Amino acid sequence: PDRQPTGPPSAGASAENLASLDAASARVPYRLLEPGWLPSGYTLQSVAAISYDGMPDWFPQPLYIETTYRAAAMPSLTFDLTLRQFGVALGEAGHIRTLRFDSVDVTSTQEVQVNGRAALLLTLGQGSNHSMLRELVWQQGDVMIEILSQSLSPQEMLTVAAALR
């Protein structure tokens, strides 16, 4: 079957650090969601608008907004808790289940539900909890949402996802 990569290649990416979620909201035509629940100690650390040079005109720029949350007591990880919101969705005919992942790093996939919507929970890498990366992906309205974490359990990721407002 044809493969649909889940994201653009990293070449040409640029990140614009923003002062707040309000500043990020002003950069996109969709409503940004915020976690209504975070694990104990987690706070917002950064907000960025991520753009990609050379993308077709029909890809909105910034391609996504990325918010990073960290717990002060945790060691700094690449993905402690990262929320990405894309203004590019699969449309009415697309479904999260139709995505194919090109990465040889994906060691497991699991179909799950986020507020009654189909979602995929992927695990990348093997070994200790902090060397593995979990990725939860789903579509909510016209927005594709991705949560990445090296520190949260799958249940904690699903709880964060269910509490997005």
Side-chain angles (χ1 to χ4, degrees), residues 1-10 13 15 21 28 30-48 50 52 59-60 62-71 73-165:
D2 290 340
R3 294 184 173 199
Q4 292 179 285
T6 60
S10 58
L21 287 170
V28 295
Y30 51 92
R31 187 174 71 80
L32 288 177
L33 300 174
E34 299 179 51
W37 178 86
L38 290 169
S40 179
Y42 278 74
T43 59
L44 178 64
Q45 297 297 304
S46 65
V47 180
I50 311 298
Y52 285 82
F59 276 94
L63 184 59
Y64 60 91
I65 299 296
E66 180 174 281
T67 50
T68 302
Y69 302 84
R70 293 207 191 286
M74 293 289 292
S76 182
L77 301 170
T78 303
F79 295 105
D80 198 355
L81 172 56
T82 300
L83 172 63
R84 294 178 176 166
Q85 299 179 64
F86 296 77
V88 177
L90 298 174
E92 291 183 29
H95 299 283
I96 198 75
R97 291 183 183 113
T98 64
L99 293 177
R100 300 286 184 259
F101 296 90
D102 280 334
S103 176
V104 295
D105 297 326
V106 174
T107 55
S108 71
T109 60
Q110 179 183 0
E111 290 186 18
V112 294
Q113 295 279 313
V114 174
N115 294 330
R117 294 173 181 90
L120 285 177
L121 178 63
L122 300 107
T123 302
L124 293 86
Q126 297 180 8
S128 73
N129 194 38
H130 294 301
S131 65
M132 291 187 313
L133 173 65
R134 289 187 183 88
E135 179 179 358
L136 178 62
V137 183
W138 75 101
Q139 180 176 327
Q140 194 162 314
D142 291 334
V143 179
M144 186 70 74
I145 302 168
E146 180 180 45
I147 295 176
L148 301 121
S149 182
Q150 290 174 280
S151 57
L152 299 183
S153 70
Q155 187 55 50
E156 287 172 316
M157 291 177 70
L158 288 166
T159 301
V160 170
L164 289 176
R165 306 282 177 251

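Values in this document were obtained by computation on a predicted structure and should not be read as measured data.
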Step by step, would you call D80 with Y69 a side-chain contact (heavy atoms from CB on, under 4.5 Å)?
CA-CA 7 Å; D80 198 355; Y69 302 84; over 6 Å; no
Verdict with supporting geometry, S151 and Y42, side chain to side chain donor-acceptor pair (under 3.5 Å):
CA-CA 11 Å; S151 57; Y42 278 74; 3.0 Å; yes
Begin with the C-alpha distance, continue with both residues' side-chain angles, and end with the deciding distance and a verdict on side-chain contact (heavy atoms from CB on, under 4.5 Å) for E146 and F86.
CA-CA 8 Å; E146 180 180 45; F86 296 77; 3.6 Å; yes
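Residue E66 holds its CD atom at 4.5 Å from CZ of R84, rounded to the nearest 0.5 Å. Taken from OH in Y64 to CD1 in I50, the straight-line distance is 5.0 Å, to the nearest 0.5 Å. To the nearest 0.5 Å, the span separating CG on L81 from CD on Q150 amounts to 11.5 Å. Atoms CD1 and CG, on I145 and L136 in that order, are 9.5 Å from each other to the nearest 0.5 Å. Interatomic distance, E135 CD to T123 OG1, rounded to the nearest 0.5 Å: 10.0 Å. Between the OG atom of S153 and the CG atom of L158 there is a distance of 8.5 Å, given to the nearest 0.5 Å.
By the 4.5 Å heavy-atom criterion applied to side chains, R134 and L148 are not counted as neighbours. Contact check for T82 versus S149: no side-chain heavy atoms found under the 4.5 Å cut-off. Inter-residue side-chain proximity for I147 and V160 is flagged as met; some heavy-atom pair is nearer than 4.5 Å. With a 4.5 Å cut-off on side-chain heavy atoms, L120 and W138 do not count as touching. The side-chain heavy atoms of R117 and Q140, taken from C-beta on, include a pair separated by under 4.5 Å.
Closest non-hydrogen pair, L83 versus P35, comes out as CD2-CD, 4.4 Å. Across N115 and A162, no two heavy atoms sit closer than the pair ND2-O, 3.3 Å. Across all non-hydrogen atoms, the minimal contact from Y30 to G87 is CE2-CA, 3.3 Å. Across G125 and T107, no two heavy atoms sit closer than the pair O-OG1, 3.2 Å.
Donor-acceptor pairing under 3.5 Å is recorded for the side chains of Q45 and T43.
Between the side chain of E156 and the backbone N or O of P39 there is no donor-acceptor pair closer than 3.5 Å.
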